Amino acid sequence: MHTEIAPPANFIRQIVEDDLHSGKHKTVVTRFPPEPNGYLHIGHAKSIWLNFSLAQAFGGVCHLRMDDTNPLKEDAEYVEAIKRDVRWLGFDWGDKEYHAADYFQEFYDCAVQLIKLGKAYVCDLSADEVREYRGTLTEPGRPSPWRERSVEENLELLSRMKNGDFADGTRTLRAKIDMASPNINLRDPAIYRIRKAHHHRAGDAWCIYPMYDYAHCISDSIEGITHSICTLEFENHRPLYDWFLDTLELPVHPQQIEFSKLKLQYTMLGKRKLREMVEGGLVAGWDDPRMPTLAGLRRRGYTPEAIRDLCEKVGVTKSEVWTELSYLSECVRNDLNTKAHRVMGVLRPLKLVLTNYPEGQIEELDAAYFPEDVGLPGSRKVPFGRELFIEQEDFMENPPKKYFRLQPGAEVRLRRAYIIKCQEVIKNEAGEVVEVHCTYDPDTKSGGSGEHRKVKGTIHWVEATTSVTAEVRLYEELFTVEQPDNIKDGDFRDFLNPHSLVVLEARLERSLFPSKVGDRFQFERQGFFIKDLDSTAEKPVFNRIVPLKDGWAKVLQKQ
RNA sequence: UGCCCAGUAGCCAAGUGGUAAGGCAACGGUCUCUGAAUCCGUCAUUCGUAGGUUCGAUCCCUACCUGGGCAGCCA
């Protein structure tokens, strides 16, 4: 019998399940409502994943809605970037693409309705005055002198606001709720402000634009959203969300549910600051592989599967948490482990000469693309010869205890080739090792009859004359503090990690040369890498996605 | 200070009146022609603190503590 694995439980899924059971809803409709004013980042990924996978799980749909009610901040350029990123993450909104701007007329009609109900008024107070009248966290506000205008006057004024009769900022339409509410959001919040600005979608049709709290709930209702999922900072807005929908005569009343956003240690997700990073040239762009943007993660080589996996694993709650980076890394490694071809690349080359190997001879060795436990087929030929490159750190003249790699007089296996023995160390005038001379044991060839002879260490290598020179970019976290969004004293720029990017001139095995941009590999014993779009015909460029776990580093730490 | 929310291991997170799932990390071992992966094992006498209710409390109540959010004509 086939046992279904229960989908990961969380409180939102529980609410949906209950609503379906009780008959409150027949289907689930969620939405992902980004404001097109910047690039999506990994925090948004969780929201995208939550909304889409929730709908998916119950056979419902998820809408993609551009929350574009502020013409001053938004741009059509971002709309395309957002759609590309959502698609890349693996989600499909079908024909359910919506724009809050397309509801401008409905918003207006609702405003007229509110005025007629005596629940909204045009207020002539300036922004500063409104602030004064609002009161403080501990003191109640006072009613605006314009609060009791007649319905007729309000209607007339709103119409003129819409038509552009008044200057920006001179008036607002406000909901008439409760100036003494302990919840400041209920102290007659603004519904419309005057903005004689061009809208990227609506053009110049409107001189007034609706506020988020007002537009969002109506948009949800218009679209028949059943569960309106948002992050914790909107919790105090829920009474307002409900007030609008209860007061207005709208077809459906979606339920707003809040969850805590995904935050990662050493990662800054503030939109404004990310923009400063890009515009200040602190990174190479929105898609810099160090950036937490989806564009950056994509270029870095992270897979959508890994990001979805992380979202699923960290779960959905209301506790504000900082997730460790190791969680993400592990999701990435876990995904790539069964996907990435194993190849050999030497990041910091050291020349190695096999003094007993025939000069000019090159032999082609069989090399499987996957280890046995992965069990996937495929292999290529790897050239082997007298002159090779090995990793600098794989040779030590005076190694510490338990060092199993190459050292004077000792043997080591060259992966997929022969066992070699170190005979001589060549140094330059500065005393640095520049070359290592070894002999190889012809009987120990991998796949041959002598292959079972054991040595402690195996190192990777690349043949000198056939290997490819490549630029390899190693990445680390951009910041040196756990919570770069929370820096109390000082600027985030003071906490940039100077080693966040290290560029190396590496040597890669010949088979990597025809690889395509976006191809991912495991450079054995090093990590996972992706071919970057900066690659040229002469020189490929590889980004390190994530290093492999390093057991040796741990041994060293303990010593 | 007023209102709202949250506090279960180093980091996430189930459980919500009957005696603490799981994942990540860590540690020990296994295996290994990747010091990776695999596989096995260890890791909360206790759920922010103090009281109370109860035969029994992580779960219910009260107070307190800690962290977060709210005083945009931003979203």
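Protein chains get the first letters and strands the later ones, always in sequence-line order, with residue 1 at the start of each. Since the structure is predicted, the reported quantities are computational estimates derived from the model, not experimental observations.
- Put simply, the side chain of A:Q522 and the base of B:U34 share a donor and an acceptor less than 3.5 Å apart.
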Stepwise ring-ring contact (aromatic ring centres under 6.0 Å, His included) test for A:H460 and A:F523: CA-CA 9 Å; A:H460 61 277; A:F523 293 179; 9.1 Å; no
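- A:G375 comes within contact range of no nucleotide atom at all, as no heavy-atom separation falls under 4.0 Å.
- A straight line from CG of A:N334 to C1' of B:U38 spans 12 Å, rounded to a whole angstrom.
- When the P atom is used for both B:U1 and B:U42, the distance is 47 Å, rounded to whole Å.
- A distance-only check finds no donor-acceptor pair linking the side chain of A:H99 to the backbone of A:A101 [under 3.5 Å].
- Side-chain contact check for A:H216 and A:R31: at least one donor-acceptor pair (N or O, by modelled atom type) lies under 3.5 Å.
- Checked against B:A25, B:U34, B:C4, the side chain of A:R525 finds its nearest nucleotide in B:U34.
- Proximity of a side-chain donor or acceptor of A:S260 to a complementary backbone N or O of A:S319 within less than 3.5 Å is detected.
- Atom name C1', nucleotides B:U16 and B:G7: the rounded distance is 15 Å, in whole Å.
- The residue A:R342 sits close to a base: some heavy atom pair falls under 4.0 Å.
- With its glycosidic angle within 90° of 0, B:G72 is assigned syn.
- Both tests pass for A:R142 against the ring of A:Y133: distance under 6.0 Å to the centre and angle within 45° of the axis.
- Nucleotides B:C27 and B:G18 are separated by 34 Å at their C1' atoms, to the nearest Å.
- The closest side-chain donor-acceptor pair between A:E363 and A:Y357 falls under 3.5 angstrom.
- Only the P atoms considered, B:C64 is 29 Å distant from B:U45, to the nearest whole Å.
- In this structure, A:K445 forms no cation-pi arrangement with A:Y418, as its terminal cationic atom is not both closer than 6.0 Å to the ring centre and no more than 45° off the ring axis.
- Each of A:R238 and A:R333 has a nearest nucleotide on RNA chain B; the 5'-most of these lies closest to A:R238.
- Whole-Å rounding puts the A:D178 CG to B:C3 C1' distance at 12 Å.
- The same atom, C1', is picked in B:G10 and in B:C43; the two are 11 Å apart, to the nearest Å.
- A distance of about 12 Å separates the C1' atoms of B:U19 and B:C47, rounded to the whole Å.
- A donor-acceptor pair shorter than 3.5 Å can be found between the side chains of A:D188 and A:Y121.
- Base pairing of B:A37 is not made with any nucleotide, judged by Watson-Crick or G-U wobble geometry with both donor-acceptor distances under 3.5 Å.
- The side chain of A:K554 contributes an N or O atom lying less than 4.0 Å from OP1 or OP2 of B:A26.
- Rounded to an integer number of Å, the gap from CZ of A:F404 to P of B:A36 is 11 Å.
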Generate the contact string for nucleotides 70-75 of chain B. Rules: B means base contact, S means sugar-phosphate contact only, - means no protein heavy atom under 4.0 Å. BBSBBB
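- When rounded to the nearest whole Å, the span between CD of A:E330 and C1' of B:G22 equals 15 Å.
- Spacing between B:G51 and B:G23 at atom P, rounded to whole Å, works out to 36 Å.
- Residue A:K402 is in base contact, counting any heavy-atom pair closer than 4.0 Å across all strands shown.
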Identify each atom pair where a protein N or O and an N or O of nucleotides 11-14 of chain B are less than 3.5 Å apart, giving names and distance.
unit_1: B:C11; atom_1: O4'; unit_2: A:E324; atom_2: OE2; d: 2.9
unit_1: B:C11; atom_1: O3'; unit_2: A:W322; atom_2: O; d: 3.2
unit_1: B:C11; atom_1: O2'; unit_2: A:W322; atom_2: O; d: 3.4
unit_1: B:C11; atom_1: O2'; unit_2: A:E324; atom_2: N; d: 3.3
unit_1: B:C12; atom_1: OP1; unit_2: A:W322; atom_2: N; d: 3.1
unit_1: B:C12; atom_1: OP1; unit_2: A:W322; atom_2: O; d: 3.3
unit_1: B:C12; atom_1: O2'; unit_2: A:V314; atom_2: O; d: 3.0
unit_1: B:A13; atom_1: OP1; unit_2: A:T317; atom_2: OG1; d: 2.5
unit_1: B:A13; atom_1: OP1; unit_2: A:S319; atom_2: OG; d: 3.4
unit_1: B:A13; atom_1: OP2; unit_2: A:S319; atom_2: OG; d: 3.3

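- Between A:F529 atom CZ and B:A36 atom P the separation is 17 Å, expressed in whole Å.
- Across every non-hydrogen atom of A:L173 and A:M161, the tightest pair is N-CE, 3.8 Å.
- Counting to the nearest Å, the C1' atom of B:C5 and the NZ atom of A:K261 are 14 Å from each other.
- Because its NZ or CZ atom is not both nearer than 6.0 Å to the ring centre of A:Y209 and within 45° of the ring axis, A:R195 does not count as a cation-pi partner of that residue.
- Spacing between atom NE2 of A:H341 and atom P of B:A36 amounts to 22 Å, rounded to whole angstrom units.
- For A:K318 and A:F259, the positive end is not near the middle of the six-membered ring at less than 6.0 Å and at most 45° from its axis.
- Among the atoms of the strands shown, none is found under 4.0 Å from any heavy atom of A:E139.
- When the C1' atom is compared between B:C59 and B:G48, the two are found 15 Å apart, to the nearest whole Å.
- Base pairing of B:C60: its partner is B:G52, meeting the Watson-Crick or G-U wobble criterion (both donor-acceptor distances under 3.5 Å).
- Going from atom CG of A:L328 over to atom C1' of B:G23 covers 14 Å, rounded to whole Å.
- Summarising the geometry of A:L414 relative to A:F384, their closest heavy-atom pair is CD1-CE1, 3.8 Å, with the distance given to 0.1 Å.
- Here B:C3 sits opposite B:G69 as a Watson-Crick or G-U wobble pair (both hydrogen-bonding atom distances under 3.5 Å).
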